[in-house]
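For reference, the structure is listed below as structure tokens.
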Number of protein chains: 2
Amino acid sequence: MNDVAATAGVALKTVSRVVNDEPGVNAATAERVRQAIELLGYRRNDGARVLRRGRTASIGLIIEDVADPFYSGLSRAVEDVALRNGSLVFTGSSGEDPQRERALVLAFCARRVDGLVIVPAGYDHGYLAPELAAGTRAVFADRPPGPAVEVDTVLCDNDGGARTGVAHLIAHGHRRIAFLGDQAAIFTAQERLRGYRQALEAAGLPYDPALVSMGVPEQSRVTAAVAGALALDHPPTALFTGNGQLTMAALRALETLSTGPAVLPCRVTPGAEASRPAIVGFDDFALADLLNPAITVVAQDPTRLGRTAAELLFRRLTGETGPVERIRLPTHLIPRGSGELPPPA
Amino acid sequence: MNDVAATAGVALKTVSRVVNDEPGVNAATAERVRQAIELLGYRRNDGARVLRRGRTASIGLIIEDVADPFYSGLSRAVEDVALRNGSLVFTGSSGEDPQRERALVLAFCARRVDGLVIVPAGYDHGYLAPELAAGTRAVFADRPPGPAVEVDTVLCDNDGGARTGVAHLIAHGHRRIAFLGDQAAIFTAQERLRGYRQALEAAGLPYDPALVSMGVPEQSRVTAAVAGALALDHPPTALFTGNGQLTMAALRALETLSTGPAVLPCRVTPGAEASRPAIVGFDDFALADLLNPAITVVAQDPTRLGRTAAELLFRRLTGETGPVERIRLPTHLIPRGSGELPPPA
DNA sequence: ATGAAAGCGCTAACAC
DNA sequence: GTGTTAGCGCTTTCAT
């Protein structure tokens, strides 16, 4: 900037004015400055600017894994809102590891991000308190913070969604419905399990722990869980899966376990359909409509979740006060076939 | 930092030494400083640190859309490599818009990122030259830069992959193969089209422009393209799709266009299979193996692409010199059924 | 082992 | 309209 000023024969401040489009600069002077900028290939150093002004015009986003379609949809929404607000976004994947979540949040705070959108992996957010006290704003998305801090939160209607999905299966005649959930420590997994139980209760059906399996959404575990359930004396006639990854893994498990010979181009052996359990999954996913049968899901809207959280964050950053907000986003059932299969006669 | 120094009764520099684990501080003094830090909730301001030291320990990543599984896989890989190198990553989606690509790159540069991983939307990268001259390193991934700059590039073997996929269809007896590609302006789309033509030529088959359709991967366009091809006097018996989005859209189009009644739980009317065109797609995607028939693909490895690009970037950032690198990553064919369907007798 | 001073590149506050 | 000065929070250099 000094060099530019020297080359243009003006003072430092004038260059600053031109660079920032501040009013009160003679058009001719401004032009000279712009030429000097061009000549020297000058670029404003935003880091220094930030240091002086206090606002970094950047936010941090912590999710579980960008590579998961649910979170990448959320990411894109956050990014778009940030862009509209003139802000850049640091993204970090926690991989469901509270240590990494913490490290990322702290690293972002050290960069003095203006705010954070956090999908937490852990429950202890005491580490956030000093940052919040220092003025960094945070919005939790998809899962709430632990009791140590009180911040705006945008969640999905997990138990309501699960209730709807399970009630749908019940309405189609199922009485033995297995529940396949994510790790029991995860908030959304707990809420969805709760919804499952509520639906059973509302229909006067017993809760059978043998029909419930919670754990990591790995194929091997899911295959084992599905196989185990189907091998019960009174096997389930339907399956409710707690998220998109689990649904896909369960479908693959059913395919693997299917006893009939794999016949191309139609893998489902004619006549074998009837023995196939009905399935409803939490989360919509690409191609759910092209499977055979097409998959009935309880859809959330990751884009809306991200947008809502980011917009709330920017409203806070632009000074909106008021009590901590707790927003619940609705889900909706999309019947496609797999959830309408009747139980075997 | 001043406050900490005052509270601990030491000089500013001593606090700096403690914060940075520099040697040469009395253990007792260090402890006093640490207590003061704790007491005041002090956090080092990395922005100021960066201003002084010159390195921001952050990189920028520009992709087309985080929400696309191909790019989100790439993102995650870049993020992981960055983490291992103690760096944070700014992510931005260009949405295939050269203006936005440019704006994002420039914004990242203004933040003085150490380097960039760019999946370019445009071809004119003249705007990058001053940044490169200023010392910012860049690596292009998936698509090369325009002629204005010369930088490291990691690409996938697009024409080779397409050649393999199309040759596979030819080997299964197909003589009329349609090609459905992304917008003709996109580098990878061009290379894949080239591979398609090479495969035809190698087999002594004529190139028929009526069988080729390039454009945005929107469902309506794809449905129209597929319908158009199938309505030709000599319709194709097989289809090669140029990327994952196109493959999914084409499958949906085939489903929509399928003349037989939709019969649950098996949508493909018995007997109708024979009239279904074979299909091979570029890019693997979730559930490709569970469709009916399962989808044969030419798979790239987005994780490897991201990892390779990011590692190259960090090697450059740690001083590795040498000529500009141009890396090509292999693809591999995964036969699953759809690509092995024979043409109608 | 510790400290004082200078300055990274910029903008806010106030002259002129 | 334009320039001067101070200082954002830190690290570097050079003393002590």
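The analysis underlying the following values was restricted to heavy atoms, covering all of them including side chains, and did not include hydrogens, waters or symmetry mates.
The nearest heavy atom of DNA chain D to B/D46 and to A/R32 marks one nucleotide each, and the one closer to the 5' end goes with A/R32. Across the interface with DNA chain C, nearest-nucleotide mapping of A/R53 and A/G47 shows A/G47 to be the residue nearer the 5′ end. Of the residues near DNA chain C, A/N2 and B/V10, the one whose nearest nucleotide (by heavy atom distance) lies more toward the 5' end is B/V10.
One atom, CG of B/L12, and another, P of C/dG7, lie 16 Å apart when rounded to the nearest Å. Atom CD in B/E22 sits roughly 14 Å away from atom C1' in D/dC14 (whole-Å rounding). Between the CG atom of A/N45 and the P atom of D/dC10 there is a distance of 17 Å, given to the nearest Å. Rounded to whole angstrom, the span from the CG atom of B/D3 across to the P atom of D/dC10 amounts to 10 Å. In this structure, the CE atom of B/M1 is 16 Å from the C1' atom of D/dG7, given to the nearest Å. Rounded to whole angstrom, the span from the CD1 atom of A/I37 across to the C1' atom of C/dC10 amounts to 13 Å.
Among the protein residues, B/A48 comes within range of the nucleic acid bases, having at least one heavy atom under 4.0 Å from a base atom.
B/Y123 places a side-chain N or O within 3.5 Å of a backbone atom of B/A185 that can act as its donor or acceptor partner.
A rotation axis mapping the C1' atoms of four pairs onto the next four is fitted at both ends of the helix from C/dA1-D/dT16 to C/dC16-D/dG1 over five pairs, and the angle between these axes is 40° to 10 degrees.
Within 3.5 Å, no donor on the side chain of A/R112 pairs with an acceptor on the base of D/dG9, nor the reverse. With hydrogens and angles left out, the side chain of A/R43 and the base of C/dG9 share no donor-acceptor pair within 3.5 Å. Between the side chain of A/R52 and the base of D/dG7, at least one donor-acceptor pair of N or O atoms lies under 3.5 Å.
For the pair B/E320 and B/R137, the salt-bridge criterion is not met [side-chain N within less than 4.0 Å of a carboxylate O]. Using a 4.0 Å cut-off between charged side-chain N and carboxylate O, A/E38 and A/R43 make no salt bridge. Under a 4.0 Å N-O distance rule, the pair B/D152/B/R316 qualifies as a salt bridge.
Considering only the side chain of B/T29, C/dT2 comes nearest among C/dC10, C/dT2, D/dC10. Of the candidate nucleotides D/dC10, C/dC10, C/dT2, C/dT2 has the atom nearest to the side chain of B/V25. Closest to the B/R17 side chain, of the nucleotides C/dG3, C/dT11, D/dG9, is C/dG3. Nearest nucleotide to the side chain of B/R49, out of D/dC10, C/dT11, C/dC14: D/dC10. In this structure, the nucleotide among C/dC10, D/dC8, D/dT2 sitting nearest to the side chain of A/L51 is D/dC8. Which of C/dA1, C/dG9, C/dA12 sits closest to the side chain of A/K13 comes down to C/dA12.
A close approach under 4.0 Å does occur between a side-chain nitrogen or oxygen of B/N20 and OP1 or OP2 of D/dT11. B/T14 has a side-chain polar atom (N or O) that falls below the 4.0 Å cut-off from OP1 or OP2 of C/dG3. Contact between the side-chain N/O atoms of B/S16 and the OP1/OP2 oxygens of D/dT11 is found at a separation under 4.0 Å.
With 3.5 Å as the limit, one finds a donor-acceptor pair spanning the side chains of B/T56 and B/D114. Checked by atom type, the side-chain pair A/N45/B/R111 shows no donor-acceptor distance below 3.5 Å.
Residue A/C109 comes nearest to A/E131 through the heavy atom pair CB-OE1, 3.4 Å, listed as atom of the first residue, atom of the second, then distance.
In this pair, B/H125 and B/F140 present their aromatic rings perpendicular. The plane angle is above 60°, beyond the 30 to 60° band.
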